[in-house]
Amino acid sequence: MALIDLHTHSTASDGTFAPGDLVALAAQKNLAAVALTDHDTLEGLAEARTAGERYGVDVVSGVELSVADGDRSVHLVGLFLPDAPGPLAEALAYLRSRRHDRNRRILDKLRECGIPIEYDTVTALARGAVGRPHIAQVLVSMGAVTSFKEAFTRYLGTYGRAYVPKDKLTFGRAVELIHGEGGLTVLAHPYILGLAGPALAETAGRYRDLGLDAIEAFYPEHSQAQTLEYLALARKLGLGVSGGSDFHGDAKPEIELGRGRGNLRVDISVLDLLRARQAKRQAGLAPDEEKGLDQPPGAM
Ligand code: AMP
Ligand code: ZN
Ligand code: FE
Ligand code: FE
């Protein structure tokens, strides 16, 4: 059984493996395919693709965006992006520049808390999208906090002393940008919605009507019951299914590439179905009815 991983982060955003090293690791773990889905940047994709050719791993070009649905913040993964995307790349560049403004405001607040940090120290830690994880890393290394978790609880998290909200695209605009490049949109880690049953179905149905293509049913934090609910819901709504570990290397050491917390299994058939769905979308046709994903492929 060939396994894949359609949600990973490299040093282009807040992961700790360079894109090429991440693909080499995928090959070492016998993964047939891996999607690089860095936050707000396509910076790592060329390197990942080159490594994919070298190691015989099918590399899918992706990105992860934080998007606003009213007051709710959800994450969208875009998959199957082209090498030289136009309007999407411009939007990402804008989001990264807004990140710099936000990061500087966070540092201003930290300074008011008696913690002075030079912004260069933070930007030195990332190639593409710079954010709170990098500031957390600095806070840990300077001894202002003892852990990443403490950095978020005390300072950087929603209820922290140095919290500054992030600018986000709306759900609809993000979908439009990804579709504009011929990509597919995936609702990442749906468990963060905190919804189940009819409320989940209503929200996911609304997302489908906004152009959502697939749900990330296979994810390390999902219980088997959640995975089954997401699979059934995707089928009911005519949505596709995706899955991935959200690998971040040493920034999330408990998550293994391709295997999550040890029991994640995303079969290559998941990718084949998504590709078929993308081909239909590009041809302007409705997706085929998908059968056979009601049960998670392999043991859970
Ligand atoms: P940013 O995009 O700059 O807002 O940073 C978001 C990233 O910070 C997420 O993708 C997580 O990796 C990390 N993060 C957010 N909240 C926490 C938390 N409470 N503890 C640890 N990491 C977190
Ligand atoms: Zn991340
Ligand atoms: Fe996410
Ligand atoms: Fe992620």
Side-chain angles (χ1 to χ4, degrees), residues 5-17 19 22 35-41 43-44 62-69 72-79 92 94-107 109-110 117 119 122-123 125-140 145-169 171 174 178 185-194 214-222 242-255 257 260:
D5 190 330
L6 298 181
H7 187 160
T8 71
H9 297 270
S10 74
T11 47
S13 64
D14 56 352
T16 61
F17 278 64
L22 189 154
L36 183 64
T37 57
D38 276 306
H39 304 279
D40 297 349
T41 184
E43 166 80 29
V63 72
E64 183 173 17
L65 298 172
S66 299
V67 305
D69 165 32
R72 197 191 281 283
S73 173
V74 299
H75 290 186
L76 267 186
V77 162
L79 296 177
L92 296 177
Y94 173 75
L95 289 171
R96 291 195 302 273
S97 78
R98 298 297 299 151
R99 274 179 173 275
H100 287 304
D101 296 341
R102 175 203 193 202
N103 294 334
R104 288 202 177 86
R105 285 167 61 204
I106 292 175
L107 294 194
K109 288 194 171 187
L110 284 171
I117 295 173
Y119 192 42
V122 179
T123 52
L125 297 173
R127 271 167 53 178
V130 188
R132 289 181 295 166
H134 306 105
I135 300 175
Q137 221 174 306
V138 176
L139 286 169
V140 172
V145 293
T146 57
S147 69
F148 217 76
K149 197 177 151 75
E150 189 188 345
F152 277 89
T153 321
R154 284 182 64 182
Y155 299 109
L156 307 172
T158 315
Y159 304 104
R161 291 175 68 190
Y163 179 68
V164 178
K166 183 165 71 181
D167 274 359
K168 299 178 194 84
L169 300 173
F171 197 104
I178 293 166
T185 53
V186 180
L187 179 65
H189 39 66
Y191 81 101
I192 58 162
L193 291 171
I215 299 181
E216 191 174 66
F218 304 111
Y219 190 80
E221 309 309 321
H222 293 166
S242 186
S245 66
D246 212 353
F247 177 73
H248 280 72
D250 304 330
K252 249 191 190 183
E254 70 285 7
I255 298 298
L257 184 67

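For ligands, and for the atoms within them, numbers begin at 1 and follow the listed sequence.
In this pair, H7 and Y219 present their aromatic rings tilted. The plane angle is within the 30 to 60° band. Taking the six-membered ring where the residue is Trp, F152 and F148 present tilted rings, their angle falling between 30° and 60°.
Where the criterion is an N or O separation shorter than 3.5 Å, residue side chain and backbone included, R102 meets it with respect to ligand 1.
Nearest non-hydrogen protein atom to atom 19 (N) of ligand 1 is F152 CB, 3.5 Å. Among all protein heavy atoms, the one lying closest to atom 3 (O) of ligand 1 is R132 N, 2.8 Å.
When distances to the Fe ion (ligand 3) are checked against a cut-off of 2.8 Å, H7 contributes no N, O or S atom below that limit. Residue D246: no N/O/S atom is found under 2.8 Å from the Fe ion (ligand 3). In summary, H39 places no N/O/S atom under 2.8 Å from the Fe ion (ligand 3), failing the contact criterion.
No side-chain heavy atom of D14 sits less than 4.5 Å from a side-chain heavy atom of Q137. Side-chain contact between L92 and L65: present, with at least one pair of heavy atoms (C-beta onward) separated by less than 4.5 Å. Two residues are said to be in side-chain contact when any heavy atoms from C-beta on lie closer than 4.5 Å; L79 and S242 meet this criterion. Within the 4.5 Å cutoff, side-chain heavy atoms of L139 are placed close to those of I117.
Counting heavy atoms only, D14 comes closest to atom 9 (C) of ligand 1 of the residues V164, L156, D14, L95.
Residue L76 holds its CG atom at 6.0 Å from OG1 of T185, rounded to the nearest 0.5 Å.
Vertex the Zn ion (ligand 2); arms to H39 atom NE2 and D14 atom OD2; angle 110° (nearest 10°). For E64 atom OE2 and H75 atom ND1, the angle they make at the Fe ion (ligand 3) is roughly 90°, to 10 degrees.
The part of R99 lying near ligand 1 is the side chain, judged by heavy-atom distances below 4.0 Å. At a heavy-atom distance under 4.0 Å, only side-chain atoms of H39, from C-beta outward, approach ligand 1.
Judged by the shortest distance from any of its heavy atoms, P133 lies inside the 4.0 Å radius around the atoms of ligand 1. Under the 4.0 angstrom criterion for non-hydrogen atoms, K166 is in contact with ligand 1.
Under a 3.5 Å cut-off, the side chain of R132 and the backbone N or O of L156 do form a donor-acceptor pair.
Interface of G131 with ligand 1, defined as ligand atoms under 4.0 Å from a residue heavy atom, comprises 3 (O).
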Task: Full working for side chain to side chain donor-acceptor pair (under 3.5 Å) between E216 and H222 - done: CA-CA 10 Å; E216 191 174 66; H222 293 166; over 6 Å; no

